[in-house]
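Data block below; observations after.
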Amino acid sequence: MDRRTDFAGPVTAPDETVTGAAPAAPPRAGGRRGPFTVPVRLRWLGVSGWEIVIGRGDDTRSILFDPYLSRMPFTDARGVAGPGIPLRLDHEAVEEVASRHLTGAPELILVSHGHFDHVADVPQLLARPDWRQSRVRVLCDMTVSHLLDAMGTPARRLGDVVPVAGGDHLQFDGYAVEVFRGLHSRRPDYGYFAPGHRLAPPSPPSVLGDFVEGNTLAYQVSVEGGPSILLMGASNFAERELAGIRPDVAAVPMTTTGAVHRYPARLLAATGHPRVLIPCHHDDMLTPLTGPAAPLRASTSTSSVNELRAAAGPGSRVVAPRHLEAVDLAALLT
């Protein structure tokens, strides 16, 4: 579907050898070595969406990232995605996933940018009656905040929107969230879908192009006594923003990659080759999450997983996720 860059073998970090020095050693996996005392699970919601579940039993808490559950049609009769495609949210699908598969009301919803497949279902989730008694903060840029307002998000939920930009490092109860400036994926022609910003709440969105990008952000969630997790919503990144961070786990978007120089090899080198790499944003964005398991599994791109494996350094483990199945991060990191 998209032209992708193939790597013949493991890609090492950029050569930093000086004259007369020994050759640089192959990259080793970064991150902390544990032991982790707080259990953390990661559940793929499709596209770039995740639920982070922290703790167990009565002490269980959760964070959502880019929860897009509608998986509505987004192409025309020719199979081309365009800004004029009508918005067709699937409220029943959103409620079914939220009630049957999510842990409960999240403490935070982190949104990477304003495109429909990242933010369109957030207003419905925030308005769920079952979550009425819980405070849910949303971390996002101002474009996303204005889109939430335009889509009828309850006023008290809008009061809990926390506008963020690259550079924020926020402390919450038991975990911290660091925010990084990001970049959006590029098509083979170097363009991308619906760039732009909202400086005020627009009219209610009616077509997919009404969901403009705003500022693309990445987040690192670091759990006290648990692992750190890098979350991204697009197959691109600002290298100088992420250089030097050392997440234990990286959720790596693998949509169109060919137009971005040495992605994901540069990403993994900049972040110290995280010990666990989980590809995402490599499904068809359309097959229902609650349908039969076989078509859902077939909706993911195996070439994207192989591309990530080819870029991974020694000690990094690539884990292919399954929709709505939670993985125990401590077990993967042991």
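Since the model is a prediction, treat every value here as computed from it, not as a measurement. Hydrogens, waters and symmetry mates are skipped; everything else that's a heavy atom, side chains included, is used. Each residue takes its place number in the sequence, starting with 1.
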With Ser235 via side chain to side chain donor-acceptor pair (under 3.5 Å) - residues at least two apart
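Partners of Ser235 by the side chain to side chain donor-acceptor pair (under 3.5 Å) criterion, ordered by chain and then number, come out as Thr255.
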Determine all donor-acceptor pairs shorter than 3.5 Å in which one atom belongs to a side chain in residues 171-178; sequence neighbours excluded.
{"unit_1": "Gln171", "atom_1": "NE2", "unit_2": "Tyr175", "atom_2": "O", "d": "3.1"}
{"unit_1": "Gln171", "atom_1": "NE2", "unit_2": "Glu224", "atom_2": "OE2", "d": "3.0"}
{"unit_1": "Tyr175", "atom_1": "OH", "unit_2": "Glu107", "atom_2": "OE1", "d": "2.7"}

Walk me through whether His281 and Asp117 qualify under side-chain contact (heavy atoms from CB on, under 4.5 Å).
CA-CA 10 Å; His281 216 329; Asp117 53 328; 3.4 Å; yes
Using only atom types and a distance under 3.5 Å, with no angle test, would you say the side chain of [X] pairs donor to acceptor with the backbone of [Y]?
X: Ser304; Y: Met254; answer: yes
X: Ser316; Y: Pro274; answer: yes
X: Arg198; Y: Asp210; answer: yes
X: Tyr219; Y: Val111; answer: yes
X: Arg137; Y: Val162; answer: no
X: Asp284; Y: Ser299; answer: no
X: Asp141; Y: Asn215; answer: yes

Test log, rule side-chain contact (heavy atoms from CB on, under 4.5 Å), inputs Val38 and Ile54:
CA-CA 7 Å; Val38 176; Ile54 303 170; 3.8 Å; yes
Spacing of [X] atom [atom1] and [Y] atom [atom2] [to the nearest 0.5 Å]:
X: Leu64; Y: Trp50; atom1: CG; atom2: CH2; answer: 13.0 Å
X: Leu183; Y: Met232; atom1: CG; atom2: CE; answer: 9.0 Å
X: Leu231; Y: Phe65; atom1: CG; atom2: CZ; answer: 5.0 Å
X: Leu289; Y: Arg71; atom1: CG; atom2: CZ; answer: 4.5 Å
X: Leu324; Y: His101; atom1: CG; atom2: NE2; answer: 5.0 Å
X: Ile52; Y: Thr103; atom1: CD1; atom2: OG1; answer: 11.0 Å

Can you list the steps and then say if Phe237 with Tyr263 is a side-chain contact (heavy atoms from CB on, under 4.5 Å)?
CA-CA 9 Å; Phe237 70 109; Tyr263 177 93; 3.9 Å; yes
Grab the two heavy atoms, one from [X] and one from [Y], that are nearest each other, plus how far apart they are.
X: Leu267; Y: Thr271; result: O-OG1, 2.8 Å
X: Arg246; Y: Ala270; result: NH1-O, 3.2 Å
X: Phe180; Y: Glu241; result: CD2-O, 3.5 Å
X: Pro106; Y: Ile109; result: CG-CG1, 3.9 Å

Verify the neighbour count for atom CZ of Arg240: are there more than 12 heavy atoms of other residues, nucleotides or ligands below 6.0 Å?
no
For atom CZ of Arg100, is the number of surrounding heavy atoms from other residues, nucleotides or ligands below 6.0 Å larger than 12?
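12 or below, so no.
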Does a side chain donor of either Ser228 or Asp248 reach within less than 3.5 Å of an acceptor in the other side chain?
yes
Sequence neighbours excluded and cut-off under 3.5 Å, please list the side-chain donor-acceptor pairs for residues 120-127, or say none.
{"unit_1": "Asp121", "atom_1": "OD1", "unit_2": "Ser70", "atom_2": "OG", "d": "2.7"}
{"unit_1": "Asp121", "atom_1": "OD2", "unit_2": "Leu69", "atom_2": "N", "d": "2.6"}
{"unit_1": "Asp121", "atom_1": "OD2", "unit_2": "Ser70", "atom_2": "N", "d": "2.7"}
{"unit_1": "Asp121", "atom_1": "OD2", "unit_2": "Ser70", "atom_2": "OG", "d": "3.3"}
{"unit_1": "Gln124", "atom_1": "OE1", "unit_2": "His91", "atom_2": "ND1", "d": "2.7"}
{"unit_1": "Gln124", "atom_1": "NE2", "unit_2": "His91", "atom_2": "O", "d": "2.9"}

Determine, step by step, whether Thr300 and Asp283 satisfy the side chain to side chain donor-acceptor pair (under 3.5 Å) criterion, reporting the C-alpha distance in whole Å, the side-chain angles of both residues, the deciding distance to 0.1 Å, and the verdict.
CA-CA 4 Å; Thr300 59; Asp283 58 354; over 6 Å; no
Pairs flagged by ring pair (Phe, Tyr, Trp, His ring centres under 6.0 Å) wherever residues 121-161 is involved - sequence neighbours left out
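For residues 121-161: none.
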Qualifying ring pair (Phe, Tyr, Trp, His ring centres under 6.0 Å) pairs, either residue in residues 311-334, two or more places apart
Trp44-His323
Quick one: which of Phe211, Phe193, Phe74 gives a ring-ring contact (aromatic ring centres under 6.0 Å, His included) with His115?
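With His115 as partner, Phe211, Phe193, Phe74 yield a single ring-ring contact (aromatic ring centres under 6.0 Å, His included), made by Phe193.
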Quick one: which residue pairs count as a salt bridge (Lys or Arg N to Asp or Glu O under 4.0 Å) with a foot in residues 38-52, not counting sequence neighbours?
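Residue pairs with at least one partner in residues 38-52: Arg43-Glu51.
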Measure the acute angle between the ring planes of His113 and His118, then classify it against the limits of 30° and 60° as parallel, tilted or perpendicular.
tilted
Spell out, yes or no, whether Val260 and Val305 are grouped together once hydrophobic residues are joined by side-chain heavy atoms under 4.5 Å, including indirect joins.
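Yes, Val260 and Val305 fall within the same hydrophobic cluster.
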